[in-house]
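The structure under discussion appears below in the form of structure tokens.
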Amino acid sequence: MNEVWNKNNTQKRADNREENSKTRLEQGKGQFQNEPNHMKILKIIFLGLFIGVNFSCVPETEEIKLDKLPYFDVKNFLNLELGKLDSTKVIKTSRINGEERTEEVVYSLQDWKEEFEYFYQSDINIPSLASSYSTETKSDYLIHRLLPESKGKVKELAIRYYQNYPASISFKMKEENVFFTSSTTGAFYLNQTTGKLDHYYIETTQKVMFLKPTNIKISGLLN
């Protein structure tokens, strides 16, 4: 299992992807020049997302699955880790524009997937982004960053490793159009003793046209 999440394997795939891209570019010069290139507390967020989605265009090619994943596999890693947490208690703190509330809740697997929706959205393994991110290994980190000339709402994805297995994952996201802007960050951390999720947070700030900015932060500490 550790081999699947090894950061060196991801780096090798990135290096191969870059070399293949250069080869395809040289072969295609002149030939293709004319071709066209969360729970309840999160409901406030969905207003901005609804507006953004309705003024965005998602290509049909997004449904195509990649034969080999060029970046860290966030989706399947989440499925693996969240699968360990069914009916787990969590001390959850929700803050909306400075007003804070703490409660103890028990989440089902579906609840966890809804809570971690933004983490699922941070998965960048889709065809249109296959060459949009750089891959860097630094000390215990594997980092994917959006290239300056590329477009994507995920700006950075960082995975910290401990003994060749992910110990934490963090992301930075930003979306904007003429109607709204949205910036979101999040991170979750595994307990090295139990091998399960220990704590996490998600924070988003949105500004919808004609409305005041909304800041929401959700954090959780598992018992």
Side-chain angles (χ1 to χ4, degrees), residues 38-56 58 62 69 71-86 88 90-97 100-103 105 107-126 128-129 132-133 141-146 150-160 166-177 179-190 196-208 213-222:
H38 225 349
M39 306 322 297
K40 295 180 181 179
I41 199 68
L42 288 175
K43 287 185 177 179
I44 297 176
I45 296 177
F46 295 155
L47 172 62
L49 292 179
F50 177 79
I51 295 174
V53 168
N54 279 277
F55 289 92
S56 301
V58 180
E62 298 289 10
L69 301 183
Y71 311 113
F72 181 83
D73 190 355
V74 175
K75 179 180 179 181
N76 282 322
F77 185 74
L78 284 175
N79 287 340
L80 174 66
E81 293 302 324
L82 295 183
K84 305 173 184 178
L85 303 177
D86 193 19
T88 300
V90 56
I91 299 174
K92 178 177 176 178
T93 300
S94 306
R95 189 190 69 201
I96 304 178
N97 291 335
E100 193 169 280
R101 176 186 176 185
T102 299
E103 59 183 340
V105 294
Y107 278 168
S108 67
L109 178 57
Q110 184 58 38
D111 292 333
W112 280 115
K113 288 186 175 182
E114 291 177 10
E115 183 87 333
F116 273 57
E117 175 61 26
Y118 274 109
F119 287 100
Y120 278 102
Q121 290 182 28
S122 73
D123 192 306
I124 52 179
N125 286 301
I126 55 178
S128 63
L129 299 177
S132 298
Y133 290 82
Y141 283 87
L142 171 68
I143 304 172
H144 300 305
R145 290 192 178 94
L146 186 69
S150 299
K151 294 182 179 180
K153 67 179 181 180
V154 179
K155 306 304 178 184
E156 181 179 293
L157 178 66
I159 301 92
R160 184 176 68 83
S168 68
I169 294 180
S170 62
F171 68 85
K172 297 178 182 177
M173 241 181 238
K174 186 172 183 180
E175 295 181 272
E176 56 185 334
N177 59 34
F179 297 98
F180 89 114
T181 59
S182 174
S183 298
T184 305
T185 60
F188 73 84
Y189 305 85
L190 299 184
K196 296 182 180 181
L197 178 67
D198 184 77
H199 61 285
Y200 65 94
Y201 83 87
I202 306 160
E203 183 171 8
T204 184
T205 299
Q206 294 198 349
K207 176 66 174 72
V208 180
T214 298
N215 175 265
I216 298 176
K217 183 176 182 179
I218 291 176
S219 59
L221 177 63
L222 279 71

Assess whether side-chain contact (heavy atoms from CB on, under 4.5 Å) is satisfied between Gln206 and Ile216, documenting all intermediate values.
CA-CA 9 Å; Gln206 294 198 349; Ile216 298 176; over 6 Å; no
Please evaluate residues Ser108 and Asp86 with respect to the criterion side-chain contact (heavy atoms from CB on, under 4.5 Å), reporting the C-alpha separation (whole Å), side-chain torsions for both, the decisive distance (0.1 Å), and the verdict.
CA-CA 5 Å; Ser108 67; Asp86 193 19; 3.9 Å; yes
Checking salt bridge (Lys or Arg N to Asp or Glu O under 4.0 Å) for the pair Glu203/Arg95: CA distance, chi angles, key distance, verdict?
CA-CA 9 Å; Glu203 183 171 8; Arg95 189 190 69 201; 3.1 Å; yes
Tyr201 vs Thr185, test: side-chain contact (heavy atoms from CB on, under 4.5 Å). Steps then yes/no.
CA-CA 8 Å; Tyr201 83 87; Thr185 60; 3.8 Å; yes
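Lys75 NZ: 12 or fewer foreign heavy atoms inside a 6.0 Å radius. Atom NZ of Lys196 is surrounded by 12 or fewer heavy atoms from other residues, nucleotides or ligands within 6.0 Å. For Lys207, the NZ atom counts as densely surrounded, since its 6.0 Å shell holds more than 12 non-hydrogen atoms of other residues, nucleotides or ligands.
Between Ala187 and Phe119, the shortest heavy-atom distance links the atoms N-CZ, 3.4 Å. Nearest heavy atoms, Asn125 versus Phe72: ND2-O, 3.0 Å. In terms of heavy atoms, Gln121 sits closest to Val154 at O-CG2, 3.7 Å. Nearest heavy-atom pair across Ser182 and Thr204 is OG-OG1, 3.8 Å. The two residues Pro213 and Asn97 make their nearest non-hydrogen contact at O-OD1, 3.9 Å. The two residues Ile202 and Glu115 come nearest to each other via the heavy atoms CD1-O, 3.2 Å.
Two residues are said to be in side-chain contact when any heavy atoms from C-beta on lie closer than 4.5 Å; Met173 and Ser122 meet this criterion.
From Glu103, atom CD reaches atom NZ of Lys92 across 6.5 Å, with rounding to the nearest 0.5 Å. Separation of atoms NZ (Lys153) and NZ (Lys174) is listed at 15.0 Å; rounding is to 0.5 Å. Taken from OH in Tyr71 to CG in Leu129, the straight-line distance is 6.5 Å, to the nearest 0.5 Å. Taken to the nearest 0.5 Å, the CG atom of Asn79 stands 8.5 Å off from the CG atom of Asp73. To the nearest 0.5 Å, atoms OH (Tyr107) and CG (Leu222) are separated by 10.0 Å. Here the straight-line distance linking atom CD1 of Ile143 with atom CG of Leu157 works out to 9.5 Å at 0.5 Å rounding.
The ring-ring contact (aromatic ring centres under 6.0 Å, His included) test with Phe188 is passed by exactly one of Phe116, Trp112, Tyr118, Tyr200: Phe116.
Judged purely by atom type and a 3.5 angstrom limit, Asp198 has no side-chain atom pairing as donor or acceptor with the backbone of Tyr189.
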